[in-house]
Amino acid sequence: MVRIIKLCFSGVVALIMVLLALANRHDIPLYIDPFRPYEPGAPVVDINLATLIFCVFILGLIIGSVMMWFMQGDYRRQLKRNNRQHPAS
């Protein structure tokens with residue numbers, strides 16, 4: 001049951017992301033210097049809005065995964081210690 005719910009949720013998220021990508025196909029200027037963006041010679045990159053949104057989404061997933069891995073380090077260490085003390089036969 002949980003697997004079906006996860007699959008449905010993932011499908012809805014994928015559909016929303018595809019629709020978002022189709023609706024935002026135009027390029028936008030991405031200013032690298034946020035304090036003086038309109039100064040002549042300021043670094044700017046023209047990037048597709050959907051690409052930017054997907055990159056930020058993927059970056060958030062990676063950062064969240066790394067944070068969860070570090071937060072669960074104590075539990076993994078304790079489990080490893082318990083497995084050494086009480087090996088399964």
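Sequence positions, counted from 1, serve as the residue numbers for this chain.
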For atom CZ of Arg3, is the number of surrounding heavy atoms from other residues, nucleotides or ligands below 6.0 Å larger than 12?
no
Give a yes or no on whether Leu61 and Phe9 share a hydrophobic cluster (residues Ile, Leu, Val, Met, Phe, Trp, Tyr; joining criterion: side-chain heavy atoms under 4.5 Å apart).
yes
Can you list the steps and then say if His26 with Asn24 is a side-chain contact (heavy atoms from CB on, under 4.5 Å)?
CA-CA 6 Å; His26 58 281; Asn24 296 300; 4.1 Å; yes
When you group the ILVMFWY residues by side-chain heavy-atom contacts below 4.5 Å and let the links chain together, are Val18 and Phe57 in the same group?
no
About how many Å separate CG of Asp27 and CG of Leu52, when rounded to the nearest 0.5 Å?
11.0 Å
Please report the interatomic distance CG(Leu30) to OG1(Thr51), rounded to the nearest 0.5 Å.
11.5 Å
Distance check, rounded to the nearest 0.5 Å: Trp69 atom CH2 versus Arg76 atom CZ?
5.5 Å
When hydrophobic residues are tied together by side-chain contacts of less than 4.5 Å, even through go-betweens, does Val13 share a cluster with Ile58?
yes
Knowing that exactly one of Arg77, Arg84, Gln78 qualifies, which makes a side-chain contact (heavy atoms from CB on, under 4.5 Å) with Lys80?
Arg84
Can you name the nearest heavy-atom pair linking Val45 to Ile32, along with the distance?
CG2-CD1, 4.1 Å
Nearest 0.5 Å, what's the CD1-CD1 distance between Ile53 and Ile47?
10.5 Å
Are Phe54 and Leu20 linked, directly or through other ILVMFWY residues, by side chains that come within less than 4.5 angstrom of each other?
no
Quick check: closest heavy atoms across Ala50 and Ala21, and the distance to 0.1 Å?
CB-CA, 3.5 Å
Would you say Ile4 has more than 12 foreign heavy atoms packed within less than 6.0 Å of its CD1?
no
Kindly work out whether a path of hydrophobic side-chain contacts (I/L/V/M/F/W/Y, heavy atoms less than 4.5 Å apart) joins Met67 to Tyr75.
no
Taking every heavy atom of Val44 against every heavy atom of Pro29, the minimum-distance pair comes out as CG2-CB, 3.8 Å
